[in-house]
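Have a look at the structure below before the remarks.
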Amino acid sequence: MSINCAAVDRLIDSMSFTQKVGQLNQRLLGWKSVERNAAGRLVASDELKQEIDRWGGLGTLYGLLRADPWSGQHWGNGIRPEERTEAIAMVQQTVLERGAHGIGVLLSEEAPHGHQALGGTVLPTNLGLGATFDQQGVQEAEAAVAAELAASGIHIALVSGLDIARDPRWGRCEECFGEDPLMAARMCEAIVTGMQGEHRSKVGHGGVAVVLKHLAAQGEAVGGRNGQSAVLGPHDLHEIHLPPVAAGVRAGALGFMAAYNDIDSVPCCANPWLLKDYLRDQLGFDGIVMADGLAVDRLEDMAGSIPAAGRAALLAGVDVSLWDEGFTRLEEYADDEQVVAAVDTALRRVLELKAMFGLLPEDGADTAAIAMPSADAIAQATADGREQAKRMAREAITLINDGQSAATLDDIRSVIADAQAGPVIVAGPFADDFGCFLGDYTAPLPADEQSSVYRQLVARLGEDRVLLAAKPSDAPADQWARSSTVVFVCGSTSERSYDSEFDDNGAAKAVTEYGATCGEGVDLSDIRLPWRQDDMLGEVAALTTAPIVSVAVCGRAHVLTDVLERSAVTIWAGYAGQYGPQAVADVLVDGADMSGRLPVTLPAYPAAIPVRYNDRQSAAHVYKDAAEPILRGFGYGAGSLAAVTFSEMHADTQSHPGEVLVQVTAHADDHGAAGAVNLFAHVSGGRRIPRLAMLVDSVYMDLNAGERRDIAFHVPCDRLRDVGDGQVQVTCTLDGDSAHTVTATLPGEY
């Protein structure tokens with residue numbers, strides 16, 4: 001919908017200062033805006049009515065459909081999929097009836113890996129999506145999620161994507177696409193284009209506005225401690241943490257969320273350079289900046305008071321608050337010219353966003369004519385989302401070890417397929433667990449949609465063939481001796497229970513002994529597998545001579561050294577989403593290919609961290625007690641592309657000004673292959689210590705059996721050197737394989 005600027009001007013002129021401030025607030029938790037009457041019907045709560053009356057309207061409402069342990073909403077009390085239309089209509093109608101200007105409310109929802117609502121699609125978490133290296137696939141998956149949100153009457157999707165996994169101790173690594181800025185940038189572009197359409201074409205027309213989070217450098221926090229200081233210089237800030245931001249702006253993102261952390265002591269929510277000079281002036285961003293939950297109030301120590309915290313955030317460039325009190329106290333600055341002007345600027349951005357969704361009254365009308373959700377459209381969009389979740393789960397599965405012992409994956413598949421072979425024992429703490437695959441920010445799924453690796457193998461091989469042994473003692477010794485294969489499901493989980501304790505922003509506050517070991521608020525000082533799983537695997541290995549397939553379900557770069565040593569085959573599954581168990585069974589029973597690649601570096605030792613592939617100095621042979629600190633490198637994947645051969649690699653610096661063109665020919669074997677081929681570069685001759693390697697391009701291929709295809713990598717020169725560098729030499733390597741390397745020289749430019 002086009003924006004009528006004159007109508008926006010008239011609305012601004014007609015509003016009191018209190019009403020203007022109200023449009024910038026997102027204080028009310030959405031699930032508290034509705035309640036059920038004696039007949040069980042949804043009605044507007046007194047809290048919703050009081051909030052509307054206080055401000056003469058409502059700016060943005062957060063999480064109306066959210067369901068999870070923090071909100072306390074579940075299938076027994078939350079808004080079910082068939083009730084979304086009723087709930088949305090009731091809230092919007094209440095806002096229009098009680099508001100002063102006939103303006104609808106923007107509805108925002110969490111969608112970090114699918115819609116966090118009852119019945120919502122659950123994609124793999126970003127770390128799992130990052131393992132696919134499939135930008136187009138992520139775009140299609142996010143488009144399906146956006147269609148579900150839009151059909152449900154939602155306007156804003158809050159989506160993780162900007163964070164870079166720099167330290168595996170950080171509990172929110174699962175929300176990162178990995179440790180590489182180029183891949184994160186491409187995935188952010190995929191999110192925005194998928195959800196908003198090219199040039200925002202779907203906004204208000206089957207798509208939603210994206211608020212990308214978190215801005216910026218949250219993954220750089222000291223010691224992996226959530227929300228704490230990022231200590232880094234401007235060059236690394238721009239090279240590692242800001243490329244996804246720039247990509248989001250280029251793709252047309254309508255919003256960014258300012259993070260909790262500070263950068264060199266300046267909080268992101270009160271950083272005018274970050275939110276104004278860089279984001280708006282340099283990049284040309286024209287949407288809204290939203291604060292993270294209660295982040296404005298956390299400025300109190302810096303600003304001196306809650307009202308001053310609200311003022312500091314507003315003047316730094318925050319347009320919309322989230323749950324805090326700081327923005328509600330902006331009324332106290334009605335005589336402050338700076339605040340008055342900043343409120344009008346932020347208000348215009350909010351109203352322009354509302355206009356895109358038809359939430360403003362048309363000329364001559366008293367109230368907006370708001371389109372209401374369609375039950376049929378919700379059902380169709382949800383079904384499409386489920387198919388995308390299945391596909392992305394399959395693509396996320398990554399083979400990181402094969403043939404460690406005499407048995408290979410193909411050997412194990414043959415044994416599993418042999419009905420006369422001994423039992424298949426599914427072991428480990430997550431053998432019959434579903435929640436471990438889902439990640440944080442996930443609504444509960446109905447029982448008939450839940451599964452596990454054990455249940456999937458039973459469905460395909462039969463109850464008589466598959467045994468469950470979550471602990472080694474759960475199966476008798478003779479069964480261990482007879483077993484033909486052991487599938488050991490290990491890793492971590494972000495699953496919260498409804499009796500968990502939470503901080504005021506929803507982060508985990510206290511977890512039980514066998515509770516969440518990843519996710520927001522679950523930072524760890526020891527990144528070995530929790531609950532002594534390495535010892536458990538050792539006990540299993542001592543009980544059987546059968547080959548062990550370990551399935552690592554992980555939301556961070558856990559140390560898997562013992563797992564690889566004791567397993568014939570190791571599969572890394574990230575948090576693959578609701579169809580993760582099926583994807584694992586597809587690999588083991590149906591022979592599905594694995595196209596995934598590691599989105600992070602796996603450390604070999606718990607204290608030799610962090611290690612990143614794009615560090616400037618190697619960690620090898622530094623620690624005298626851990627000479628080789630890297631277990632598996634970024635981009636490692638021994639799956640379907642392992643059989644592809646490459647030849648005729650060469651670099652061209654002449655035919656395409658401003659870029660290096662690297663070409664290579666790929667040859668598929670008799671089975672074909674799919675997956676990403678990555679090009680890394682090392683630069684020497686500039687003015688800085690070079691990174692050990694940089695991912696400079698990635699091409700996703702799908703090759704037929706026996707197919708031969710030429711692949712071209714386009715590497716912009718400005719990714720390889722700084723302005724003012726002299727002549728630099730660039731060494732490009734295919735998938736980290738020194739057998740496929742070319743060198744090019746770039747002339748100096750001053």
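Below, all heavy atoms of this structure are taken into account, side chains as well, without hydrogens, waters or symmetry copies. As the structure is a computational prediction, the values presented were derived from the model and not from experiment.
Under the rule for a side chain to side chain contact (heavy atoms under 4.5 Å, CB included), the partners of D440 that lie at least two apart in sequence or sit in another chain are E174, S494, R496, E520. With sequence neighbours excluded, the residues satisfying salt bridge (charged side-chain N to carboxylate O under 4.0 Å, His left out) with E175 are R172. Considering only residues two or more places apart in sequence or on other chains, E83 meets the side chain to side chain donor-acceptor pair (under 3.5 Å) condition with R36. By the salt bridge (charged side-chain N to carboxylate O under 4.0 Å, His left out) test, E35 pairs with no residue at all, sequence neighbours left out. With sequence neighbours left out, the side chain to side chain contact (heavy atoms under 4.5 Å, CB included) criterion links E51 to R27, L28, W55, L58. With sequence neighbours excluded, the residues satisfying side chain to side chain contact (heavy atoms under 4.5 Å, CB included) with N77 are Q73, H74. Residues passing the salt bridge (charged side-chain N to carboxylate O under 4.0 Å, His left out) test with R394, sequence neighbours excluded: none. Residues satisfying the side chain to side chain contact (heavy atoms under 4.5 Å, CB included) test with D344, not counting sequence neighbours, are I12, K20. In this view, E142 satisfies the salt bridge (charged side-chain N to carboxylate O under 4.0 Å, His left out) rule with no residue, not counting sequence neighbours.
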Take E86 and R41 through the salt bridge (Lys or Arg N to Asp or Glu O under 4.0 Å) test and state the conclusion after the steps.
-> CA-CA 9 Å; E86 178 186 357; R41 295 293 302 272; 3.1 Å; yes
Criterion side chain to side chain contact (heavy atoms under 4.5 Å, CB included) on V203 and M195, from CA distance to verdict | CA-CA 8 Å; V203 177; M195 287 192 153; over 6 Å; no
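Across all non-hydrogen atoms, the minimal contact from G161 to C188 is O-SG, 3.2 Å. The two residues C173 and A165 have their closest heavy-atom pair at SG-CB, 4.2 Å. Across V296 and A291, no two heavy atoms sit closer than the pair CG2-CB, 3.7 Å. Contact between P599 and F177 at its shortest, heavy atoms only, is CB-O, 3.4 Å. The shortest heavy-atom contact between D180 and I164 is O-CD1, 4.1 Å.
More than 12 heavy atoms of other residues, nucleotides or ligands lie within 6.0 Å of CZ in R54, so this atom counts as buried by the packing criterion.
Within the structure, no pair that satisfies the ring-ring contact (aromatic ring centres under 6.0 Å, His included) test touches residues 75-127, not counting sequence neighbours. Identified under the side-chain hydrogen bond (donor to acceptor under 3.5 Å, both in side chains) test for residues 367-381, with sequence neighbours left out: Q380-D384. Residue pairs meeting the ring-ring contact (aromatic ring centres under 6.0 Å, His included) criterion with at least one partner in residues 3-27, sequence neighbours excluded, are absent.
A ring-centre distance under 6.0 Å is found for H238 and Y278. In this structure, the ring of F256 has its center less than 6.0 angstrom from the ring center of F285.
A heavy-atom distance below 4.5 Å is found between the side chains of K354 and Q23. Inter-residue side-chain proximity for L359 and I370 is flagged as met; some heavy-atom pair is nearer than 4.5 Å.
Between the side chains of Q135 and Q139, no donor-acceptor pair is found at a separation under 3.5 Å.
Cation-pi geometry between K202 and F357 is not met at under 6.0 angstrom from the ring centre and within 45 degrees of the axis.
Residue D319 forms a salt bridge (Lys or Arg N to Asp or Glu O under 4.0 Å) with just one option from K276, R348, R280, and that option is R280.
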